[in-house]
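Throughout, protein chains are lettered first and strands after them, A, B, ... in sequence-line order, and every chain is numbered starting at 1. On a predicted model such as this, the values are computed, not experimentally measured, just so you know.
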Amino acid sequence: MCGRYTLASKVSDLRDLIDFHDDSLPDDFAARFNIAPTQDVLILRQEKVHHRPMPVMVRWGLVPFWADDPKIGNRMINARSETVVEKPAFRAALKYRRCLIPADGFYEWHRSVDSKTKTPYWIHRPDRKPFAIAGLWESWNKSGAGPLETCTILTTGPNALMGLIHDRMPVILQQKDFDRWLSAPPDQAASLAELLVPAPDDFLEAWPVSTKVNSPALDRPDLIDPIDESRLG
DNA sequence: CCAGACGTTGTT
DNA sequence: GTCTGG
DNA sequence: CCAGACGTTGTT
DNA sequence: GTCTGG
């Protein structure tokens, strides 16, 4: 699964990854080392006029448009790619409202065999450059206080590296697939399932970090510092 | 027909 | 909104 | 994901 | 134990 991630990359590196339309992001754009559910996160969704990805901030935790209570979003932080096509909460968004969620790392907690301790790992590219997670977004309009825009992260099974830590991982899209993911017409959304697979085994590396990251209130650069010499991948 | 759910994860 | 269950 | 809160009436 | 909040 994916319930915490980082995005501290330079805008120029983000732009190398994704050819997005707006250039209004400052170069120090919100370096974040502990992005947690319910917080506003950067997503890129297709911009109709220019046919290019457009950056927008939305709340992490998808609230289906038909929901009566937006609190449901607290548990809709991930969507299983194996079932996303049919699940009522996600299927409309899969057809009409897909997005890219940029990140340069994410956290997973490895449970010891006796299940007594949980060690967080920071998982990232060896060159620490950003990558794009497959996401869905939604707009909820029942509050009377203007639309609430939200998103969720698609998950899939683990690759070889992630299998050492956890049994799920976020779907990381390859650059060549970005346009198809964002632009496929609604009646072809189901075929996008072929993109929702684990990242190549050598795409990421991982190292253990301090349990300071457990608290969503902490957001500091040292959260990604390795706590020892061990490294996976 | 109407009422009620609609989700993921991990743990027991 | 749409499907399942009663 | 983890942290932190959890509640009202009647009965023990 | 389970839900809410970040």
Chemist: Roughly how far, to the nearest 0.5 Å, is CZ of Arg91(A) from CD of Glu86(A)?
Modeler: 9.0 Å
Chemist: Not counting sequence neighbours, which residues clear side chain to side chain donor-acceptor pair (under 3.5 Å) with Glu82(A)? List them please.
Modeler: Arg168(A)
Chemist: Is Phe90(A) touching bases, backbone alone, or none of the nucleic acid, heavy atoms closer than 4.0 Å?
Modeler: sugar-phosphate
Chemist: Earliest and latest nucleotide of DNA chain D, 5' to 3', sitting under 4.0 Å from a non-hydrogen atom of chain A?
Modeler: dC1(D) to dA3(D)
Chemist: How far does CH2 of Trp109(A) sit from OH of Tyr121(A), to the nearest 0.5 angstrom?
Modeler: 13.0 Å
Chemist: At 4.0 Å (heavy atoms only), tell me whether Thr152(A) reaches a base, stays on the sugar-phosphate, or touches nothing.
Modeler: nothing
Chemist: Give me each pair satisfying ring-ring contact (aromatic ring centres under 6.0 Å, His included) with a member in residues 128-153 of chain A, each pair once, sequence neighbours excluded.
Modeler: none
Chemist: Taking only residues two or more places apart in sequence or in another chain, which ones pass salt bridge (charged side-chain N to carboxylate O under 4.0 Å, His left out) with Arg180(A)?
Modeler: Glu194(A)
Chemist: Check side chain to side chain donor-acceptor pair (under 3.5 Å) between Arg32(A) and all other residues, then give those that pass, not counting sequence neighbours.
Modeler: Gln39(A), Asp219(A)
Chemist: Between dT4(E) and dG7(B), how far apart are the two C1' atoms, rounded to whole Å?
Modeler: 15 Å
Chemist: Using the ring-ring contact (aromatic ring centres under 6.0 Å, His included) criterion, which residues pair with His21(A)? Sequence neighbours excluded.
Modeler: His50(A)
Chemist: For Thr211(A), which contact category applies under a 4.0 Å heavy-atom criterion: base, sugar-phosphate, or nothing?
Modeler: nothing
Chemist: In whole angstrom, give me the gap between the C1' atoms of dT9(B) and dC1(D).
Modeler: 9 Å
Chemist: Note every stem involving DNA chain D: at least three consecutive Watson-Crick or G-U wobble pairs, i with j then i+1 with j-1, with both distances under 3.5 Å.
Modeler: D:1-6 with E:1-6
Chemist: Starting at the 5' end of nucleotides 1-6 of chain C, put B wherever the base has a protein heavy atom under 4.0 Å, S where only the sugar-phosphate does, and a dash everywhere else.
Modeler: BSS---
Chemist: With rounding to the closest Å, how many angstrom separate the P atoms on dG6(E) and dT8(B)?
Modeler: 24 Å
Chemist: Counting any heavy atom closer than 4.0 Å, what does Ala89(A) reach on the DNA or RNA strands: base, sugar-phosphate only, or nothing?
Modeler: sugar-phosphate
Chemist: Could you list all the ring-ring contact (aromatic ring centres under 6.0 Å, His included) pairs where at least one residue sits in residues 65-88 of chain A, not counting sequence neighbours?
Modeler: none
Chemist: What residues, two or more places apart in sequence or in another chain, satisfy salt bridge (charged side-chain N to carboxylate O under 4.0 Å, His left out) together with Asp228(A)?
Modeler: none
Chemist: Please list every donor-acceptor pair under 3.5 Å in which a side-chain atom of residues 202-209 of chain A meets a protein atom from a residue at least two apart or in another chain.
Modeler:
residue: Glu205(A); atom: OE1; partner: Arg231(A); partner atom: NH1; Å: 3.4
residue: Glu205(A); atom: OE2; partner: His124(A); partner atom: NE2; Å: 3.0
residue: Trp207(A); atom: NE1; partner: Ile224(A); partner atom: O; Å: 2.8

Chemist: For Arg4(A), which contact category applies under a 4.0 Å heavy-atom criterion: base, sugar-phosphate, or nothing?
Modeler: base
Chemist: So what does Ile77(A) hit on the nucleic acid, given a heavy-atom distance under 4.0 Å: a base, only sugar-phosphate, or nothing?
Modeler: base
Chemist: Please work out if Asn74(A) contacts a base, only the sugar-phosphate, or nothing of the nucleic acid, heavy-atom cut-off 4.0 Å.
Modeler: base
Chemist: Which pairs with one or both residues in residues 55-68 of chain A pass salt bridge (Lys or Arg N to Asp or Glu O under 4.0 Å), sequence neighbours excluded?
Modeler: Asp68(A)-Lys142(A)
